[in-house]
Amino acid sequence: MMTEKMLSALNPEQRDAVCHEGSPLLILAGAGSGKTRVITTKIAWLIRERSVDPASILAVTFTNKAAREMAERAKALDERAASAVIRTFHSFGAWFMRRNAALADADSGFTIYDDTDSVTLLSKAVPDLARNRTASLVHRISRAKDYCLEPDSPKLDIIDPDPEFRRIYGLYQQRLRETGNLDFGDLIMLPVKILRENEEVRRRIRQRFTVILVDEYQDSNVAQFELLRALTGENTYLCVVGDDDQSIYRFRGAEVQNILSYPEQFLNTTVIRLERNYRSVKPILAVADQVVRNNKGRLGKTLLAQRPGEKKPVLLFLHDQDEESAFCAQLIQDAVQKGGHWADWAVLYRTNAQSLGFETEFLHRQIPYRVVGSLKFYEREEIKDALAFLALAVNPRNSVAFHRVVNKPARGLGAVTQDKIVEEARRSLYAAGTGAGDGAENSGSIIDACSRMLGSLSTKAQGGLTEFLHIMASLNAALENAEPGDTLAVFIEKLIDCTGLGEYYRAEDEIAGSQRMANLQELMNGAALYPLSREGLVQFLEHIELDRSMEQQEESADSVTLITIHNTKGLEFPRVIMTGMEAGIFPRDDKDPSELEEERRLCYVGITRAKDELYLTSCASRRLYGKTAPMRPSLFLEEMEPASIEVIGMDPWKMRSRQHRDDGLSGQRPRDLWSPGQKLFHDDYGYGIIQKTCYTDGEFVVTVQFEYGEPRRFMPKYQGHSLLRVKDDEF
DNA sequence: GACAGTGAAATTTTT
DNA sequence: TTTCACTGTC
């Protein structure tokens with residue numbers, strides 16, 4: 001495509017952003033304002049018009065989906081963009097650490113521990129810790145890493161001032177280094193550390209990447225900010241894109257402050273705002289704004305609808321979640337029957353657990369659907385087992401993997417024996433370090449430790465351990481003796497067979513009717529894309545650890561999308577149903593007002609995914625942990641102007657002939673009961689009239705001018721019987 | 001050390 | 001409703 005043509009597809013602000021150069025740039029890009037187009041066009045423009053070497057462009061995103069899409073679109077604009085490095089923060093961190101692992105005491109063949117693995121590791125390091133306490137400690141450790149704080153950082157007190165936490169964090173890090181592995185936090189924190197301490201590495205990487213582009217900057221955490229700082233030298237062009245209203249990962253350490261204070265952190269910053277929205281019709285943007293404007297901590301911007309269309313969002317009050325899923329199914333089926341596509345539709349929910357009802361209903365009605373982002377697959381026992389064998393084959397110091405599989409299926413090797421072996425491996429690690437030990441090949445390998453410990457075990461344990469060693473040896477042999485063209489699928493097939501996992505799970509499938517062998521088969525299919533070699537294995541594991549979305553299925557398939565609101569970030573759909581709009585579900589009941597603001601931003605993100613039609617469903621009751629509980633409509637529904645939405649009540653017995661009626665519920669909303677102009681009588685203040693109303697921290701507040709004195713603000717909800725509404729002619 | 005049985009808790013959101 | 005941690009028995 002010609003550069004001219006490429007640029008003429010942009011509006012003036014977008015063009016400014018693409019052609020800007022010479023100083024740091026902050027693009028404040030509202031939802032649907034074409035920011036991906038700006039970034040990808042910028043990449044192409046830099047390559048063409050400024051002769052920038054594509055390989056020296058680094059573009060970081062937050063999710064794998066976003067990275068894939070960006071890479072594809074950039075390539076479509078200019079083939080050469082294929083050489084640009086377009087990755088998620090974590091995948092960039094892994095890329096960096098593969099090359100510099102030694103500088104941080106890690107093994108370049110490291111695997112990445114997820115939270116569960118971390119809990120296992122910590123509970124082994126500090127055995128007398130209660131399980132749930134371990135989990136909460138791991139959570140705080142990972143939070144500390146989000147802030148780039150090490151065990152000896154003075155500022156660690158921000159996370160937890162208890163010196164015990166410091167000690168445990170230190171112990172955890174030590175154990176993690178002993179395994180040669182990294183956790184998610186390390187993938188950001190360690191590169192920062194290496195770049196800070198090592199001038200040569202810093203110089204080289206700054207030479208390598210002269211252009212750095214960051215997407216979804218509002219969701220970056222402090223460690224990611226520090227990483228950008230470290231990567232950015234005098235000659236680096238840094239451009240970040242983000243939207244403070246879409247910051248939804250604070251719970252995970254994201255720091256909105258990063259985007260708010262960017263101009264102070266990077267001097268001479270140019271700020272460009274993109275407020276033209278090309279995605280949604282006006283009535284959808286209107287309710288999005290009505291909700292998000294209740295937040296205080298925001299820069300504030302107004303989206304301008306560029307697309308024609310006047311269909312108002314539809315709010316449906318339903319009886320319960322069964323009716324909710326039936327309604328969604330029916331709505332979608334009707335639309336498809338009229339000629340629409342399944343893929344036009346997305347069903348959004350707050351928590352993954354809510355997908356179940358929809359899945360059941362859709363299966364029943366044979367509606368094609370795909371569930372995005374549910375991690376269930378890789379959390380399955382059999383999958384974790386197989387992966388642990390793979391991880392152990394790659395890195396024999398991986399103690400978490402060892403504990404998981406050494407006795408699976410049961411070989412008579414209990415916790416005591418396992419701990420003995422791991423202790424021996426640790427001993428050898430330090431012995432090798434001092435040169436007094438058993439030689440380099442013994443530097444912490446648990447497999448080697450097994451051989452050494454064989455003699456000192458009971459006969460039963462000896463038998464089991466010999467069997468285990470045999471398994472590991474034959475796995476390693478399979479890796480070494482690969483035929484050209486063999487894929488990892490062959491390896492996993494062998495693994496399933498020789499480890500006994502196959503026999504074990506086949507038996508369970510027969511007894512319990514489970515699908516475990518089928519899942520292992522699925523894992524094999526995924527592995528078929530990788531060559532049978534150590535490198536292939538490392539790549540496969542990294543891919544799984546960093547991207548669990550199971551996106552192998554053809555995206556072209558025409559199917560309904562079931563997805564959590566968090567996962568919709570960056571996506572759009574012609575028709576969106578936001579389900580479970582009930583107090584306690586969405587927003588979750590939180591006492592902290594700042595968390596409510598985050599929920600509200602999440603609601604904003606959900607609404608602004610819709611292009612043409614938006615539906616909101618709210619149930620009167622819902623089954624929660626086996627009990628049916630009465631529900632009330634979400635606060636966010638109240639924040640929408642009644643005139644901006646169409647409210648429909650649904651008769652569950654007449655699903656096929658939908659009838660519209662004015663639902664009584666809308667009359668009960670506080671903003672309808674207490675609206676400006678309403679006259680009222682208060683026991684203490686006498687007669688008055690409502691001047692204005694608003695929501696503050698989620699509470700409905702009215703401002704009233706009484707006959708005497710200054711206007712007063714209060715919450716009708718807490719006035720009880722001392723406050724009465726009176727008719728217009730009463731005073 | 002394996003495993004069945006019991007009781008209790010628990011439910012965000014993701015790289 | 002499901003999952004998980006813990007206990008007691010073999």
Side-chain angles (χ1 to χ4, degrees), chain A residues 60-67 87-94 112-119 123 129-135 139 142-143 145-146 182-189 216 219-221 223-224 227 247-254 321 348-357 372-376 378-379 381 406-419 457-461 463-464 542-549 563-570 580 584-590 595 598-599 601-603 605-606 622-629:
Chain A
V60 255
T61 67
F62 202 71
T63 65
N64 294 290
K65 240 178 307 183
R87 289 172 172 263
T88 65
F89 265 110
H90 287 90
S91 134
F92 173 77
I112 300 159
Y113 279 164
D114 65 15
D115 292 355
T116 330
D117 299 330
S118 296
V119 171
S123 63
L129 231 43
R131 184 91 188 166
N132 53 358
R133 194 163 139 60
T134 314
H139 180 254
S142 113
R143 178 53 56 87
K145 292 183 177 186
D146 288 342
L182 305 181
D183 63 16
F184 282 117
D186 283 344
L187 291 177
I188 311 296
M189 185 174 79
E216 308 280 12
D219 282 322
S220 61
N221 60 32
Q224 286 157 342
L227 181 59
S247 171
I248 54 174
Y249 285 108
R250 208 183 71 122
F251 70 94
R252 197 170 90 180
Q321 60 199 340
L348 276 49
Y349 36 79
R350 179 65 179 79
T351 63
N352 271 313
Q354 287 166 257
S355 77
L356 219 90
V372 173
S374 96
L375 317 172
K376 278 179 294 179
Y378 292 107
E379 280 172 4
E381 186 186 347
V406 67
N407 198 31
K408 194 139 192 188
R411 294 183 190 90
L413 299 162
V416 177
T417 315
Q418 293 174 25
D419 289 346
L457 300 177
S458 68
T459 329
K460 188 169 130 204
E542 179 176 316
H543 175 83
I544 287 170
E545 284 147 358
L546 293 180
D547 182 5
R548 303 182 152 193
S549 60
I563 191 168
T564 63
I565 308 178
H566 278 88
N567 262 320
T568 62
K569 192 167 72 164
I585 300 284
F586 188 34
R588 289 186 58 77
D589 7 63
D590 286 319
E595 284 178 35
E598 174 134 327
E599 293 281 299
R601 289 193 291 270
L602 190 56
C603 183
V605 167
R622 184 174 287 273
R623 275 191 310 278
L624 290 168
Y625 352 105
K627 282 207 182 84
T628 302

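In the text below, chain A, chain B and the rest are named by the order of the sequence lines, each starting its count at 1. Just so it is clear, the values below take in all heavy atoms, side chains as well, and ignore hydrogens, waters and symmetry mates.
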Student: Select base, sugar-phosphate, or nothing to describe what A/Ser91 touches, counting heavy atoms under 4.0 Å on all strands.
Tutor: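 If one applies the 4.0 Å heavy-atom cut-off, A/Ser91 turns out to touch nothing in the nucleic acid.
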
Student: Using the P atom in both, what is the distance from B/dT12 to C/dA5, to the nearest Å?
Tutor: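 Going atom to atom, P in each nucleotide, I get 15 Å.
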
Student: Rounded off to whole Å, could you give me the CD1-to-P distance for the A/Ile188 and B/dT15 pair?
Tutor: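 Rounded to whole Å, this separation is 13 Å.
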
Student: Has the side chain of A/Asn407 got a donor or acceptor atom that lies under 3.5 Å from a matching backbone atom of A/Ala410?
Tutor: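 Answer holds: no.
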
Student: Quickly work out the A/Gln224 CD to B/dT14 P distance and round it to whole Å.
Tutor: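 Going from A/Gln224 (CD) to B/dT14 (P), I get 16 Å.
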
Student: What is the nucleic acid contact for A/Asp114, judged by heavy atoms within less than 4.0 Å: base, sugar-phosphate only, or nothing?
Tutor: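 It contacts nothing in the nucleic acid.
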
Student: Does A/Arg350 contact B/dT13 through a side-chain donor or acceptor facing the base, at a distance under 3.5 Å?
Tutor: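 Side chain to base: pair present.
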
Student: With a 4.0 Å cutoff (strictly under), does any side-chain N or O of A/Asn567 reach OP1 or OP2 of B/dT13?
Tutor: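 It does not, given that no N or O in the side chain of A/Asn567 lies less than 4.0 Å from OP1 or OP2 of B/dT13.
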
Student: What's the CD-P distance between A/Gln354 and B/dA10, to the nearest Å?
Tutor: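 From A/Gln354 CD to B/dA10 P: 20 Å.
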
Student: Does C/dT2 have A/Tyr625 stacked on its base, where the ring centres are within less than 5.5 Å and the planes differ by under 30°?
Tutor: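 Whether judged by distance or by angle, A/Tyr625 falls short somewhere, so it does not stack on the base of C/dT2.
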
Student: Pick the nucleotide of DNA chain B nearest each of A/Asn407 and A/Asp115; which residue has the one closer to the 5' end?
Tutor: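 Of the two residues, A/Asn407 wins.
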
Student: For the pair A/Thr417 (side chain) and A/Leu413 (backbone), establish whether a donor and an acceptor sit closer than 3.5 Å, ignoring hydrogens and angles.
Tutor: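 Checking the backbone N and O of A/Leu413 against the side chain of A/Thr417, no donor-acceptor pair under 3.5 Å is found.
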
Student: Report yes if a side-chain nitrogen or oxygen of A/Thr63 is closer than 4.0 Å to either non-bridging phosphate oxygen (OP1 or OP2) of B/dT14; otherwise report no.
Tutor: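 No, no such contact exists.
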
Student: Rounded to the Å, how far apart are A/Tyr349 OH and B/dT13 P?
Tutor: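 That distance rounds to 10 Å.
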
Student: Ignoring backbone atoms, establish whether A/Asn352 has a side-chain N or O less than 4.0 Å from OP1 or OP2 of B/dT11.
Tutor: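 For B/dT11, neither OP1 nor OP2 has a side-chain N or O of A/Asn352 closer than 4.0 Å.
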
Student: Taking the six-membered ring of A/Phe62 as reference, does the cationic atom of A/Lys569 (NZ for Lys, CZ for Arg) lie under 6.0 Å from its centre and within 45° of its axis?
Tutor: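 Yes, cation above the ring, under 6.0 Å and within 45°.
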
Student: Once you apply a heavy-atom cut-off of 4.0 Å, does A/Ile565 come out as touching a base, just sugar-phosphate, or nothing?
Tutor: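 Touches nothing.
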
Student: Does A/Lys627 offer a backbone N or O that forms a donor-acceptor pair with the side chain of A/Arg623 under 3.5 Å?
Tutor: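 Such a contact is absent between A/Arg623 side chain and A/Lys627 backbone.
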
Student: Tell me: CG of A/Asp183 to P of B/dT14, nearest whole Å?
Tutor: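 Going from A/Asp183 (CG) to B/dT14 (P), I get 19 Å.
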
Student: Look at all strands and tell whether A/Phe89 reaches a base, only sugar-phosphate, or nothing, counting heavy atoms closer than 4.0 Å.
Tutor: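 No contact.
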
Student: In whole Å, what is the span from the NZ atom of A/Lys627 to the P atom of C/dT1?
Tutor: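 Distance, rounded to whole Å: 11 Å.
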
Student: From CZ of A/Arg601 over to P of B/dT13, roughly how many Å is that when rounded to an integer?
Tutor: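 Those two atoms, CZ and P, are 18 Å apart.
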
Student: Please identify each residue that fulfils side chain to side chain contact (heavy atoms under 4.5 Å, CB included) with A/Thr459, with sequence neighbours left out.
Tutor: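 Result, side chain to side chain contact (heavy atoms under 4.5 Å, CB included) vs A/Thr459: none returned.
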
Student: When the distance from OH of A/Tyr249 to C1' of B/dT12 is rounded to whole Å, what number comes out?
Tutor: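 Whole-Å distance recorded here is 11 Å.
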
Student: As a test of reading the structure: which of B/dT11, B/dA2, B/dT13 is closest to the side chain of A/His566, going by heavy atoms?
Tutor: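 Nearest to the side-chain atoms of A/His566, counting from C-beta on, is B/dT13.
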
